[in-house]
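Input: a single structure, listed below in structure tokens.
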Amino acid sequence: MLSIPLLDDIIAAALSTGGDFAEVFVEDRFSTALNMVGGKIDSAVSGREYGVGVRIFQGNNYVYAYSNDYSRDNLIKVAKEAAAALPGVSSGMTLSFMKHATPKVNVIGILPHEVDKQRKVALMARAYFVAKDYDPIISQVTVRYLDEDQHVQIANSTGLLVEDRRVRTRTAITAIASKGPEKQSGFYGPGAHMGFEFYDKINIDDYAREAARIATTMIHADYSPSGRIPVIIDNEFGGVIFHEACGHSLEATSVAKKTSVFADKVGEKIAADIVSAVDDGTIPNAWGSLNVDDEGHATQRNLLIENGILRGYMIDQLNGRRMGMPATGNSRRQSYKFAPTSRMTNTFILPGRHTRDEIIANTEYGLFARYMGGGSVNPATGDFNFAVNEGYLVRNGKIDKPVRGATLIGRGSEVLLKIDMIADNLSCGQGMCGSVSGSLPADVGQPTLRVSEITVGGRKGDK
Amino acid sequence: MDIRSFTERLFAKGREHDFQDMEVYVASRNQFRVGLFKTEIDNYTLAESRGLSFRGIINGGMGYSFTENFDDDSIDILIRDAAENARVIDSGDEEEIFAGSPQYVELDSYSVELDKVGAAEKIAWSRTLEQAVYSVDSRVFTAQVSMGNGSGETVIINTKGLTLSHKGNFAQGFVSVVVKEGEDTKSAYGFVADRDFSKLNAEKLAQKTVEEAVSLLGAEPVESGTYTVVLRNDVAASFLATFASSFSAEAAQKGMSLLKGRVGEMIMSPNITITDDPHMLERPGSAPFDAEGVATKAKNVVDGGNLTTLLHNLKTAKKDGVLPTGNAYKVAYNAPVGVAPSNLYINIGDKSYDELVQEMVSGLVIISVQGTHSGANPVSGDFSLSAYGYVIDNGQVVRPVNQITIAGNFFTMLSDVTAVGNDVDFGTGTIGSPSLLIGSLAVAGK
């Protein structure tokens with residue numbers, strides 16, 4: 001981390017032209033990635049990323065520069081070069097840093113580097129054998145283990161000075177079932193903003209078994225039919241629908257430029273009355289939680305939608321200027337190589353009053369998407385697509401046979417209005433969310449819910 | 001910080017800790033980017049970074065570690081981490097530090113001229129692009145414009161006496177356009193890339209991108225069913241990119257590719273030939289050596305529908321008892337060595353895009369697919385992807401179509417190619433294809 005006099009000088013250099021705000025972000029990150037294929041570790045990499053980013057605002061515009069040569073001379077040079085991109089002269093501000101105490105939302109038990117790699121390997125081996133032994137049709141299992149220990153220092157020209165340490169771990173299990181030339185995969189990847197004690201809190205066997213069960217189920221499944229039908233999306237990772245189709249459009253990144261369908265709609269009805277949703281970066285030890293965001297602000301629980309009415313956005317400092325609204329603790333970046341912007345943390349739909357069983361029993365014909373895969377969205381049009389990793393047809397209020405290869409497509413703003421039943425079983429799943437400021441850990445979540453009609457793409461035309 | 005002296009100290013420390021063969025892989029990057037939104041420079045980025053990846057053999061195993069911090073502590077951390085990592089590796093595959101190929105091609109991928117182009121010129125270019133976008137059509141609602149250039153150098157130094165370096169640079173202009181007519185909103189994006197700054201044509205890019213966005217206004221789904229389809233060149237390239245891992249011997253050996261054990265078999269239509277060419281000067285995937293220092297070479301992966309080879313690095317080649325193909329690859333400097341194509345493309349046929357559309361008579365032209373990272377399974381070849389494009393009747397565009405999915409299997413689809421265009425396009429970078437006429441695909445819509 002950099003000394004206060006050096007931070008002072010970098011910020012002074014950054015404000016040597018017409019900039020009105022400057023920020024320094026220092027990152028020192030240690031990470032380990034282990035990969036197991038066929039029960040054997042085939043790659044093991046660990047190392048240290050280190051760099052410094054300097055950001056300057058002038059009105060609504062910004063300049064960002066980064067380097068990993070952290071010598072005093074170079075950092076001053078980087079700040080000056082960045083400043084040179086802005087017109088104007090310095091207003092000559094003086095600075096005194098107030099070191100802020102960092103809220104301790106995420107208490108870390110066992111630091112990853114204190115754990116022998118053999119213990120990490122043993123954990124992976126357990127997951128491997130549970131998944132491999134689940135069914136003879138499982139032909140391959142890969143297990144990927146990751147941990148990281150990120151130290152950050154954030155200082156800005158308002159005098160803010162914050163340090164934080166973020167520790168995360170995740171184990172991702174992919175099971176592949178084979179039948180002749182056909183292959184189907186099942187995936188589960190639990191993770192947390194936690195040290196190695198995470199694996200005492202969960203039983204990795206359960207996740208390995210689930211990954212194998214999904215692959216085994218799908219290898220026996222027929223292709224999904226296609227058409228516009230009711231879709232029941234299960235809880236946990238099913239929340240990716242809300243994340244992609246609505247969450248991104250509620251980020252200030254697209255709202256400030258009015259390229260989002262939800263721009264200027266606070267107070268208006270954008271979803272069915274039964275829908276309420278939040279983004280909450282303060283859940284202790286959740287995958288997407290942070291003590292402070294990457295601008296040094298404490299995270300918050302932000303109400304996005306209340307009973308169908310749009311209540312707020314996720315806002316970073318710069319877009320907050322553009323929108324005339326305060327930042328919400330949502331400013332994030334993958335690393336010093338990215339300028340931060342508004343991003344989701346843990347985003348989910350709140351529980352409703354039904355049960356999952358009631359929703360299924362009330363559905364005459366439709367698709368039950370038990371596990372969703374990833375997806376993407378066009379923020380300008382709201383058009384989204386998601387893969388269904390494990391799907392079933394629902395007939396006469398009962399789960400019928402499994403179907404594979406289904407994709408859900410639609411428009412976020414339309415789907416939100418078509419949610420007609422929400423269950424009481426909220427839970428969250430872990431994902432990596434990619435956007436302008438890089439790839440970030442984020443929780444998605446929801447209770448089981450039903451959308452009255454979505455276009456399902458599959459290989460079979462008929463029902 | 002001098003990389004050579006750091007490397008010497010690192011190797012010396014490694015020897016003290018019982019490492020035998022050792023290697024560093026160093027990637028240095030410089031980047032510039034400027035973005036415009038509504039005539040203002042709303043973002044401006046200057047970047048320089050360097051990362052060093054170390055690997056070495058200790059007690060028969062290869063250990064990896066990396067750093068972006070070059071102080072003396074980092075040498076100790078690199079050695080400690082690599083030794084620890086070597087201990088947990090138990091795949092039994094023998095990895096080696098490579099002593100070098102007999103010869104390497106000279107590849108001049110670096111333009112001194114490009115690095116002389118100043119920020120003012122790049123900003124001026126972006127302004128021209130932005131103005132052009134708004135002047136093409138009054139329905140342009142917003143546009144985000146950016147221009148950037150980057151240069152990179154890769155250096156490999158090892159204790160077997162190999163020292164290699166390769167330098168390259170590139171400039172790229174990008175635009176995303178949102179058009180609006182009433183409540184109907186559509187978007188399109190486009191980019192141009194070249195090493196010669198003067199060849200970047202802002203007006204043409206603006207014209208093409210806006211025309212595409214406008215052409216999609218009023219799009220509606222079609223009835224679900226089976227359709228004859230033309231995949232436009234960039235879409236065909238995006239399919240090839242999605243399923244390119246099937247050609248990796250590493251994927252095959254791990255049971256993650258359907259092409260395992262199928263070299264010598266017909267896997268696609270006889271009109272499909274796929275080439276991996278690392279020596280195309282105008283393409284960013286070109287280099288004289290791969291991530292392990294093996295000399296790269298051009299070769300056909302599929303020749304007239306016949307699978308001629310998989311792509312190999314040293315490890316996979318040894319395992320299969322074949323020669324390496326120069327396709328060792330690292331996703332990032334700090335990633336382990338894997339396998340990937342360099343510049344991979346489907347060879348052109350003899351029909352123009354218009355001729356393909358006319359030959360189809362009626363069907364769909366697909367000009368974009370979304371969600372290839374989630375709606376396509378690179379292991380099975382199965383895909384179900386959100387798509388849009390145009391409805392064709394009597395060889396003419398009738399109207400735009402969206403909110404549909406196309407579904408099928410990549411290998412089945414490439415066995416059903418009835419005609420190949422002559423309009424190769426490399427989409428977003430290193431993977432290219434001409435437009436392809438496909439006999440039939442399942443479409444879900446209304």
*Take A/Asp42 and B/Lys254 through the test salt bridge (Lys or Arg N to Asp or Glu O under 4.0 Å) and record every step on the way to the result.*
CA-CA 10 Å; A/Asp42 82 328; B/Lys254 288 180 179 172; 2.7 Å; yes

*Work out which heavy atom in A/Asp383 is nearest to a heavy atom in B/Gln403; give both atom names and the distance.*
OD1-NE2, 3.0 Å

*Could you have a look at B/Asn402, B/Ile89, B/Val178, B/Ile41 and say which one has the most heavy-atom pairs with chain A under 4.5 angstrom?*
B/Ile89

*asked:* Heavy-atom pairs under 4.5 Å with chain A - which of B/Ser49, B/Gly255, B/Gly445, B/Gly35 has more of them than the others?
replied: B/Ser49

*With side-chain contact (heavy atoms from CB on, under 4.5 Å) as the test, would you mind laying out the steps for A/Lys120 and B/Val88 before giving the verdict?*
CA-CA 10 Å; A/Lys120 300 174 184 174; B/Val88 299; over 6 Å; no

*Side-chain ion pair, B/Glu68 and A/Lys337, N-O less than 4.0 Å*: yes

*Give, as side chain, backbone, both or neither, the part of A/Val456 having an atom under 4.5 angstrom from any heavy atom of chain B.*
backbone

*asked:* With a 4.5 angstrom heavy-atom cut-off, is it the side chain or the backbone of A/Arg404 that approaches chain B, or both, or neither?
replied: side chain

*asked:* Please rank B/Asn377, B/Asp90, B/Val34 by heavy-atom pairs under 4.5 Å with chain A and give me the top one.
replied: B/Asp90

*Going from CG on B/Asn334 to OG on A/Ser31, what distance comes out if it is rounded to the nearest 0.5 angstrom?*
7.0 Å

*Decide yes or no for B/Lys446 and A/Thr455: does some side-chain heavy atom of the first lie under 4.5 Å from some side-chain heavy atom of the second?*
no

*If you measure from CZ on A/Arg322 to CZ on B/Phe37, what distance do you get to the nearest 0.5 Å?*
8.5 Å

*So which heavy atom on A/Ala387 is nearest to which on B/Ser374, and how close?*
CB-O, 3.0 Å

*Using non-hydrogen atoms and a 4.5 Å limit, figure out which bit of B/Ile404 sits close to chain A: side chain, backbone, both or neither.*
backbone

*Any chance NZ of A/Lys80 has more than 12 other-residue heavy atoms, nucleotides or ligands included, within less than 6.0 Å?*
no

*What part of B/Gln31 is in contact with chain A, defined as an atom under 4.5 angstrom from a non-hydrogen atom: side chain, backbone, both or neither?*
side chain

_Under 4.5 Å from any heavy atom of chain B, what part of A/Asn74 do you find: side chain, backbone, both or neither?_
side chain

*Please look at A/Val63 and chain B and tell me whether the side chain, the backbone, both or neither of the residue comes under 4.5 angstrom of a heavy atom of that chain.*
both

*Compare all side-chain heavy atoms of B/Ser65 with those of A/Val45 and state whether any distance is below 4.5 angstrom.*
no

*Work out which heavy atom in B/Ala444 is nearest to a heavy atom in A/Ser226; give both atom names and the distance.*
CB-CB, 3.2 Å

*Heavy-atom pair count under 4.5 Å with chain B, highest-scoring of A/Gln184, A/Lys117, A/Gln140, A/Met372*: A/Lys117

*Report, by ascending residue number, the residues of residues 72-81 of chain B in heavy-atom contact with chain A at a distance under 4.5 Å; give 'none' if the set is empty.*
B/Ser74, B/Ile77, B/Asp81

*Roughly how far, to the nearest 0.5 Å, is the NZ atom of A/Lys258 from the NZ atom of B/Lys38?*
8.5 Å

*side-chain hydrogen bond (donor to acceptor under 3.5 Å, both in side chains) partners for A/Lys257, two or more places apart*: B/Asp42, B/Gln144

*Are B/Gln370 and A/Asn378 side-chain neighbours, meaning at least one heavy-atom pair lies under 4.5 Å?*
no

*Which distance, rounded to the nearest 0.5 Å, do you find between the CG of B/Asn85 and the CD1 of A/Ile41?*
10.0 Å

*Toward chain A, the part of B/Ala47 with a non-hydrogen atom under 4.5 Å*: both

*Part of B/Phe141 within contact of chain A (heavy atom distance under 4.5 Å)*: side chain

_Taking A/Gly374's backbone N and O only, do any of them form a donor-acceptor pair with B/His373's side chain (distance below 3.5 Å, no angle check)?_
no

*Check each atom of B/Thr67 against the heavy atoms of chain A and say whether the ones under 4.5 Å are side chain, backbone, both or neither.*
both

_Any A/Gln58 side-chain heavy atom under 4.5 Å of B/Glu40 side chain_ = no

*Considering residues at least two apart in sequence or located in another chain, which fulfil the side-chain hydrogen bond (donor to acceptor under 3.5 Å, both in side chains) criterion with A/Ser139?*
A/Ser178

*Is B/Asp382 salt-bridged to A/Lys183, cutoff N-O under 4.0 Å?*
no

_I'd like to verify something: which residue of B/Asn69, B/Asp71, B/Thr405 has the highest number of heavy-atom pairs under 4.5 Å with chain A?_
B/Asn69

*Return the option, out of B/Thr372, B/Asn30, B/Asn409, with the maximum number of heavy-atom pairs under 4.5 Å with chain A.*
B/Asn409

*For A/Thr381 and B/Lys186, which heavy atoms make the closest approach, and how far apart are they?*
CG2-CA, 4.0 Å

*Closest heavy-atom contact between B/Ser386 and A/Ile409?*
CB-CG2, 3.4 Å

_If the condition is side-chain hydrogen bond (donor to acceptor under 3.5 Å, both in side chains), which residues does B/Ser28 pass it with, not counting sequence neighbours?_
none

*In Å, rounded to the nearest 0.5 Å, how long is the span from CD of A/Glu49 to CZ of B/Phe66?*
5.0 Å

*CG/B/Asn43 to CG/A/Asn61 distance, rounded to the nearest 0.5 angstrom?*
8.5 Å

*Do you know which two heavy atoms are closest between B/Ser384 and A/Gly457, and how far apart they sit?*
OG-O, 3.2 Å

